[in-house]
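These numbers come from a predicted model, not from an experiment.
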Amino acid sequence: MVGNDNWINSYLDAILDAGKSAIGGDRPSLLLRERGHFSPARYFVEEVITGYDETDLYKTWLRANAMRSPQERNTRLENMTWRIWNLARKKKELEKEEACRLLKRHPETEKTRIDATADMSEDLFEGEKGEDAGDPSVAYGDSTTGISPKTSSVDKLYIVLISLHGLVRGENMELGRDSDTGGQVKYVVEFAKALSSSPGVYRVDLLTRQILAPNFDRSYGEPAEMLVSTTFKNSKQEKGENSGGYIIRIPFGPRDMYLTKERLWPFIQEFVDGALSHIVRMSKTIGEEIGCGHPVWPAVIHGHYASAGIAAALLSGALNLPMAFTGHFLGKDKLEGLLKQGRQSREEINMTYKIMRRIEAEELSLDASEIVIASTRQEIEEQWNLYDGFEVILARKLRARVKRGANCYGRYMPRMVIIPPGVEFGHIVHDFDIDGEEENHGPASEDPPIWSQIMRFFTNPRKPMILAVARPYPEKNITTLVKAFGECRPLRELANLTLIMGNREAISKMHNTSASVLTSVLTLIDEYDLYGQVAYPKHHKHSEVPDIYRLATRTKGAFVNVAYFEQFGVTLIEAAMNGLPVIATKNGAPVEIHQVLNNGLLVDPHDQNAIADALYKLLSEKQLWSRCRENGLKNIHQFSWPEHCKNHLSRILTLGMRSPAVGSKEERSKAPISGRKHIIVISVDSVNKEDLVRIIRNAIEAAHTENTPALTGFVLSTSLTISEICSLLVSVGMHPAGFDAFICNSGSSIYYPSYSGNTPSNSKVTHVIDRNHQSHIEYRWGGEGLRKYLVKWATSVVERKGRIERQMIFEDSEHSSTYCLAFKVVNPNHLPPLKELRKLMRIQSLRCNALYNHSATRLSVTPIHASRSQAIRYLFVRWGIELPNIVVIVGESGDSDYEELLGGLHRTIILKGDFNIAANRIHTVRRYPLQDVVALDSSNIIEVQGCTTEDIKFALRHIGVPTQ
């Protein structure tokens with residue numbers, strides 16, 4: 001590079017000019033040739049460098065420019081150039097890999113979707129085809145127009161909301177403290193407050209994580225916190241007609257650590273067990289409070305975000321309760337965006353964000369949900385439509401068939417419902433006269449402290465204030481806003497700019513991405529000499545945000561949100577509530593918000609000239625400003641919390657009331673578990689039948705004591721049928737009456753021993769199936785339609801040797817049951833990946849569990865709520881034995897549902913040794929590592945080498961179970 005100083009300088013000038021905003025996330029859409037001063041160096045920087053989040057490139061340039069030695073400076077610049085070249089090459093490689101992957105996958109997926117849609121098309125009437133095409137409620141669910149809740153006929157509702165990540169508390173929320181404590185936390189807290197005060201609602205519980213970590217306020221460790229609405233009194237609560245809203249903090253995961261949402265996944269089942277205990281206890285308490293004589297179960301369990309969605313799905317299945325789901329920000333949309341940026345490969349993205357675990361959780365939420373709440377039509381048509389479990393056209397056809405009572409062949413699609421988020425209404429602003437006094441309210445009160453903290457930045461604080469409220473993330477596009485303001489002299493002369501970019505102590509202590517954006521903003525302020533015209537306060541309280549909006553309104557300013565894409569944009573609603581007209585991005589939800597409020601202008605976020613022109617037009621044309629302000633205040637009620645809650649309740653009341661079916665008190669009193677202190681569940685799959693019998697004998701011998709033989713009960717949990725279990729036990733001289741229950745067919749059947757005589761010793765033992773459990777798992781079961789499709793699919797699974805094709809999977813009617821469809825696998829070494837089968841079932845809208853068992857020689861397909869781990873939760877509800885007193889014994893590996901047996905509050909003993917059959921392909925097809933599902937270092941899990949009586953005794957003693 002020595003000797004090329006002219007080129008180097010022009011190249012680095014381009015970095016300084018374009019890179020300082022672009023590296024921070026802003027992609028200027030400048031047509032340099034058209035402007036008449038095309039610069040190859042600047043073009044290279046804009047088109048190559050600015051696509052990467054390499055924040056230290058700009059820092060490298062600053063360090064290099066400060067060096068006095070030309071040789072050292074050029075060496076550093078040469079190194080930086082090579083890094084840029086490598087980044088460009090990496091991006092092209094990643095784009096090529098992704099294009100090849102999509103090219104291969106797209107035809108297969110589309111063919112499956114077309115087949116599923118064709119099955120639904122044949123019976124549609126011609127009139128329905130035309131009618132449905134333009135009806136959004138038939139297209140994928142329901143809109144909220146014209147629906148009012150029938151709360152007059154239903155009272156005393158108990159509703160459970162779940163949101164697991166971030167710092168959740170009712171007052172003084174620390175919004176912006178970290179990336180997990182933002183809009184979703186604010187939403188769920190305000191939603192719980194408003195919902196608890198709604199007609200017909202008795203109690204609302206918002207379940208989240210208990211945090212006892214150092215450096216966090218003690219309030220996050222309180223087990224319960226009562227929520228108090230700041231906008232209106234809960235008169236029903238004052239009269240004793242309402243229990244109110246509560247934040248319930250469930251302990252799960254490491255007690256002394258705060259975990260980001262990406263690190264919560266291994267502990268979800270632990271949360272589910274804790275939440276299950278709370279809901280069972282609270283349902284009984286509410287029943288006693290209102291004097292109805294029976295538990296009052298939740299009308300719905302509503303999960304927010306993917307992690308809470310899978311938790312809600314498991315709770316819904318364990319308790320036979322309806323589930324609702326709100327995705328907030330979907331994983332597939334995030335994945336697509338990250339791949340387009342080209343900074344990371346799919347594997348790197350998954351490592352950082354656990355994105356595949358998140359997407360699978362969202363797919364499971366679609367499987368289990370009765371309704372899915374979306375903020376906008378765009379979220380449904382462009383984001384949910386990316387998922388295997390939802391497709392707009394198929395949803396429309398299924399809805400049409402349901403409306404006329406036609407056969408859907410076992411297919412089901414959750415209802416998509418558009419309900420925009422609500423906003424907590426405080427004081428709605430009134431007109432201001434020229435002296436700054438509020439009309440009809442006398443002289444203005446003392447100015448809020450935050451006003452002086454903002455106005456101290458301005459030379460002329462009386463100018464209209466352009467307000468932006470956004471965290472310093474590249475996608476929020478703050479740098480383009482500053483450039484639009486800085487390069488438009490008429491706008492600078494007319495207005496001031498205020499940037500509320502979260503709270504910060506020092507830029508050097510911030511995350512690299514946020515620090516880069518803030519550095520770019522400050523550099524632009526300096527470049528355009530905007531001192532005295534731009535405010536960027538370091539701190540503000542959440543309670544001061546309304547005051548900031550009011551200041552902008554008082555100066556007859558405008559609110560601006562020019563994010564590249566906006567999922568919803570609650571800030572736009574908050575601005576309208578405070579009488580502030582808006583300039584908003586045309587990408588995403590603001591388009592639909594604008595259709596309702598009509599209180600501003602939409603712009604292309606990539607066009608800084610359009611942003612400047614729109615701001616100048618809105619602020620300079622006083623009649624336009626007044627009209628936008630009036631429209632916003634007139635229409636804002638449609639986004640109020642009461643309206644939001646009314647729409648939610650109207651949906652909840654259409655779900656149909658379901659509740660746990662665990663039998664009557666008389667039935668439960670006859671259960672053999674009376675007096676049991678512990679239950680040992682034997683779920684060892686990775687051994688042959690001889691070793692399984694040996695483990696059963698040793699476990700029983702290890703747990704039985706001479707003085708209190710009845711303190712410990714036994715359950716055998718397996719993929720075998722009840723006839724296979726009885727034959728196995730009888731063949732080795734063991735009596736089936738020694739077990740309290742049998743969990744069979746991979747959790748789709750539960751049997752109890754029944755005696756014809758007075759005592760088990762002189763009676764003939766039969767086994768009675770638990771019909772109540774079957775009512776729990778029959779939800780969305782495809783039945784005969786599912787069986788026919790699976791038989792058809794099995795014929796397509798073949799092994800090819802030359803011109804010879806051999807079918808690999810056959811229907812196994814002998815081992816099938818009402819809720820378990822069994823198939824024989826001829827060659828386990830040629831198994832089709834389980835994830836592909838699950839994907840196929842979802843595309844077909846067939847909601848089910850598919851798993852391999854019997855060392856991959858059998859495929860079982862069961863209802864979505866049927867599994868061995870869920871059967872244990874069902875027995876907890878039925879028998880009332882605390883989950884920490886349940887011990888599950890497993891091998892080193894097992895069936896496809898093995899991982900589900902490891903997590904939770906129950907204790908797990910893993911038997912290790914050469915008696916375990918080597919793991920096969922069952923566990924090589926998982927979309928994500930095992931450690932993303934279960935915490936193997938949990939204190940609830942103990943590993944022992946061997947399976948002798950003494951080995952099992954040692955493990956039982958270690959976890960507190962008495963032995964002989």
query = Do Asp685 and Arg868 sit within salt-bridge range, that is, some charged N less than 4.0 Å from a carboxylate O?
reply = yes

query = With a distance cut-off below 6.0 Å to the six-membered ring centre and an angular limit of 45° from the axis, does Arg358 pair with Phe329 as a cation-pi contact?
reply = yes

Donor-acceptor under 3.5 Å (Ser896 side chain, Tyr852 main chain) = yes

ask   = Would you say the ring centroid of Tyr752 lies under 6.0 angstrom from that of His767?
value = no

task = Identify whether the distance between the nearest side-chain nitrogen and carboxylate oxygen of Arg787 and Glu811 falls below 4.0 Å.
result = yes

query = Is it true that Asp367 and Arg847 have a side-chain N and a carboxylate O under 4.0 angstrom from each other?
reply = yes

task = Answer yes or no for Lys788 and Tyr409: cation-pi contact, defined as NZ/CZ to six-membered ring centre under 6.0 Å and angle to ring axis within 45°.
result = no

message = Return the CG to CG distance between Leu840 and Leu846, rounded to the nearest 0.5 Å.
response = 8.5 Å

inquiry  = Using only atom types and a distance under 3.5 Å, with no angle test, would you say the side chain of Ser938 pairs donor to acceptor with the backbone of Ala935?
reply    = no

ask   = Would Lys334 and Glu262 pass as an ion pair if we require N to O under 4.0 Å?
value = no

salt_bridge(Glu724, Arg858) N-O dist < 4.0 Å = yes

request  = Answer yes or no: is there an ion pair linking Arg878 with Asp770, defined by an N-O contact shorter than 4.0 Å?
outcome  = yes

task = Please test Leu366 against Met416 for side chain to side chain contact (heavy atoms under 4.5 Å, CB included), starting from the C-alpha separation and ending with a verdict.
result = CA-CA 10 Å; Leu366 280 174; Met416 292 280 175; 3.8 Å; yes

query = Would you call Arg658-Glu370 a salt bridge at under 4.0 Å N-O?
reply = yes

key: CE-NZ distance between Met841 and Lys839, expressed to the nearest 0.5 angstrom   = 12.5 Å

ask   = Relative to the ring of Phe325, is the ring of Trp384 parallel (under 30°), tilted (30 to 60°) or perpendicular (over 60°)?
value = perpendicular

task = Verify the distance criterion only: is there a donor paired with an acceptor across the side chains of Tyr819 and Glu778 at less than 3.5 Å?
result = yes

task = Consider only side-chain N and O atoms of His865 and His776, and report whether a donor and an acceptor are under 3.5 Å apart.
result = no

